[in-house]
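Since we're looking at a predicted model, the values are computed, not measured. Residue indices begin at 1 and follow the sequence shown. Only heavy atoms go into these numbers, but all of them, side chains included; no hydrogens, no water, no symmetry mates.
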Amino acid sequence: MNTPALISQEQQSPNPYLSALNMAGAVLHLAMRSAQEVTHLAAEVHSTITDMPAPLNQTHRANPHRAPLAYRIVASSFALLARFSHLLTTQQTEFNQLPTLRSQAALNGVCGDKLEAWASPFALTLTLRGERGRLMDATEWALPSDKGHILFLHGLCHNDLEWQQSEHHQAFYQELETAGYRVAWLRYNTGRAIHANGQGLAELLEQHFADHGQPLWLIGHSMGGLLIRSASHWAETHQHRWLNRLSHAAYLGSPHLGAPWEVVGNKLNNILGITPYTRPFMRLGDIRSRGIKDLRGAHITVDQSMPPLVEGVNHLLLATAWSAAHTDNWIGDGIVPVSSALAQDAQGDRLHAPKLKRVLLNDIHHIAILDDVRVYQELRQWLGIEMNAKPQPPLLLTWHPQQP
C-alpha cells in the first residue's frame with residue numbers, strides 16, 4: 001500500500017470539503033482501531049472467566065478464540081471499518097497550529113508505534129522544520145553556511161514548535177542566524193523505538209552531510225538527547241561520514257540512566273499479572289509506546305547496550321533540579337533525576353569523553369529547560385569554546401552522587 005503524501009496544515013488542499021473528509025477518515029480510522037483493541041480485551045476477559053483458572057495461576061494465558069463468536073465478529077467489523085475509513089484519507093494529516101499539534105505529538109508519544117503499525121494518518125514522520133513549523137527540505141538546510149549547521153531535537157510527546165514558544169530560545173536562534181549558522185528543528189514520532197528514530201536521523205544526516213564542510217551541532221532535550229546518542233552510535237557502527245562533521249552534542253535533561261516514572265509504571269502494570277483475572281488488563285498498560293518503554297533503561301540501541309560517547313566531539317550533559325533539595329533523589333527535575341541526566345551513579349561516571357562538560361542548574365523543572373535564560377547562557381558559553389578557539393578543561397563536575 002502506498003504511503004500517503006506528507007502535508008502540513010498550511011499545505012492542505014484549499015477545498016474545505018476534501019480537508020474535512022480527510023480529517024473525518026483519519027479520526028474514524030483511529031477510533032475503529034482503538035475499538036478493535038478494546039474488543040480483544042473484552043474477549044480475553046470473557047475467555048478467562050469461562051476457563052475459571054486458579055486465582056494465582058501464573059501459566060494461564062487468555063485465549064480470545066475461546067470467547068463467543070460475537071467478539072470476533074465485532075472485532076472484524078471494526079477492522080473492516082478501519083480499512084474503509086483509511087480509503088478516505090489520501091494524505092498524511094499533520095498540524096502546524098500549536099494546540100492541535102500538541103495533541104497529535106502527545107498521541108504519538110503515548111502510542112506512536114501503534115499508529116505507525118496501523119498506518120494511521122496521525123502518525124508523524126521524521127522531518128526537518130523551519131520557523132513556525134514550516135516543512136524544510138533537508139537539502140535546503142544542508143546548503144553551505146558561514147559557520148555551521150545546528151539542529152534542535154525535542155523530547156517525548158513534544159514537537160518542534162515547543163522550542164519556539166520560548167523568548168529565550170528565539171533570542172538564541174536570532175543570534176545564531178545573525179552569526180551565520182543554518183538552524184533547523186526536528187519533528188518525529190516519539191512513540192517509535194529510540195533506535196529506530198536514531199537510525200532514521202543518522203541516514204538523513206549521512207545523505208546530506210557526508211561530504212566535508214562546516215561543523216554540525218546537535219542539541220536535544222530529554223528524549224532528543226538520547227536520539228542524538230542513538231544516531232551517533234548507528235553512524236559509528238555503519239561508518240557514516242557525517243559523524244566527522246559533528247562538532248558539538250548537547251543533552252538537556254536527557255535520562256541517560258533511565259527515567260524512574262517509567263520504571264514505576266512498568267511495575268504497576270506488572271502487578272496486574274499476578275492473577276489471570278486481571279492479566280488481560282495489562283493490555284491497557286501496554287498501550288504505552290515503545291518509545292516510553294525505552295526510557296525505562298535508556299535503551300537507544302537494538303541490543304539495549306550503553307554505547308560510549310563519540311570521541312572528538314564536545315559533549316554537554318546539562319541537568320536541572322526542581323530545587324536544591326532534589327539534586328540527590330529520584331525527583332530531580334520532576335521527570336529525570338540529576339544522576340541520570342549527568343550519567344553518574346554511586347560508582348561514578350557512566351559516560352566518558354575527552355571533551356565532556358557536566359552542568360547542574362537548580363530551580364528548573366523538566367519542561368522549563370526550554371525557556372530558562374540560564375540554559376541558553378550555558379549553551380552560549382559552551383558553543384563559544386569552539387567558536388573562540390580557547391582551550392577549556394575537558395570536564396566540569398558540579399554535582400557529586402550521594403554514596404549509599
Side-chain angles (χ1 to χ4, degrees), residues 108-117 126 153-157 186 188-206 218 220-240 243 246 249 251-271 273 282-283 285-311 313 315 317 319 330 332 335-353 356 366 401:
N108 275 254
V110 172
C111 56
D113 53 343
K114 292 179 178 59
L115 295 179
E116 182 182 47
L126 192 147
L153 301 87
H154 62 77
L156 177 70
C157 293
L186 189 72
Y188 64 102
N189 179 349
T190 57
R192 300 179 73 217
I194 294 177
H195 71 79
N197 281 325
Q199 177 182 346
L201 175 59
E203 297 291 350
L204 182 148
L205 294 176
E206 178 66 7
L218 303 177
H221 172 238
S222 195
M223 180 186 280
L226 299 184
L227 180 54
I228 294 173
R229 288 181 52 212
S230 179
S232 299
H233 173 70
W234 182 269
E236 276 197 313
T237 56
H238 291 79
Q239 300 180 338
H240 284 187
L243 205 56
L246 183 60
Y251 317 90
L252 312 180
S254 298
H256 300 287
L257 303 184
W261 285 112
E262 164 53 19
V263 175
V264 172
N266 183 64
K267 289 182 177 179
L268 290 176
N269 192 50
N270 287 339
I271 292 176
M282 293 179 68
R283 179 187 288 268
D286 285 335
I287 197 174
R288 68 193 193 283
S289 68
R290 172 65 186 275
I292 292 177
K293 294 175 182 176
D294 280 347
L295 293 178
R296 187 188 319 152
H299 299 144
I300 63 173
T301 65
V302 176
D303 60 1
Q304 299 184 356
S305 62
M306 187 176 187
L309 297 175
V310 179
E311 294 189 6
V313 176
H315 297 278
L317 302 183
W330 64 273
I335 301 293
V336 178
V338 170
S339 58
S340 185
L342 295 183
Q344 296 175 321
D345 57 19
Q347 283 69 47
D349 298 342
R350 296 289 301 279
L351 291 176
H352 309 267
L356 172 60
H366 190 70

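The side-chain contact (heavy atoms from CB on, under 4.5 Å) check on Glu206 picks up Ala210, His240, Arg241, Trp242, with sequence neighbours excluded. Legend: residues meeting side chain to side chain donor-acceptor pair (under 3.5 Å) with Ser254, ordered by chain and number and at least two apart, are absent. Under the salt bridge (charged side-chain N to carboxylate O under 4.0 Å, His left out) criterion, Arg192 pairs with Glu116, not counting sequence neighbours. Looking at residues two or more places apart in sequence or on another chain, you find no side chain to side chain donor-acceptor pair (under 3.5 Å) involving Gln199. Contacts of Arg290 classified as side chain to side chain donor-acceptor pair (under 3.5 Å), with partners at least two apart in sequence or in another chain: Asp294. Residues forming a ring-ring contact (aromatic ring centres under 6.0 Å, His included) with His238 (at least two apart in sequence, or on another chain): Trp234. Looking at residues two or more places apart in sequence or on another chain, you find a side-chain contact (heavy atoms from CB on, under 4.5 Å) between Ala341 and Ala319, Val336. For Ala259, the side-chain contact (heavy atoms from CB on, under 4.5 Å) criterion is met by Pro255, Leu295, not counting sequence neighbours. Annotation: side chain to side chain donor-acceptor pair (under 3.5 Å) contacts of His315 (sequence neighbours excluded): Tyr251. Every residue two or more places apart in sequence or in another chain that forms a ring-ring contact (aromatic ring centres under 6.0 Å, His included) with His366 is listed here: His221. Glu236 is linked by a side-chain contact (heavy atoms from CB on, under 4.5 Å) to Leu243, Val310, counting only residues two or more places apart in sequence or in another chain. Take Lys293 and apply the salt bridge (charged side-chain N to carboxylate O under 4.0 Å, His left out) test, not counting sequence neighbours, and it matches Asp286.
Smallest separation of non-hydrogen atoms from Ala231 and Ala202: O-CB, 3.6 Å. Between Leu309 and Leu356, the closest heavy-atom pair is CD1-CD1, 4.2 Å.
Side chains of His233 and Ile300 form no contact here, defined as non-hydrogen atoms less than 4.5 Å apart. Taking the side chain as every heavy atom from C-beta outward, Ser222 and Ile335 never approach each other to under 4.5 Å. Side-chain contact between Leu153 and Leu201: present, with at least one pair of heavy atoms (C-beta onward) separated by less than 4.5 Å. Side-chain contact check for Ile194 versus Arg229: every heavy-atom pair is 4.5 Å or farther apart. Under the 4.5 Å side-chain criterion, counting only non-hydrogen atoms from C-beta, Leu226 is in contact with His256. Annotation: side chain of Leu227 is in contact with side chain of Tyr188 (closest heavy-atom distance under 4.5 Å).
Between the side chain of Asp113 and the backbone N or O of Gly291, no donor-acceptor pair lies under 3.5 Å. Asp345 places a side-chain N or O within 3.5 Å of a backbone atom of Gly348 that can act as its donor or acceptor partner.
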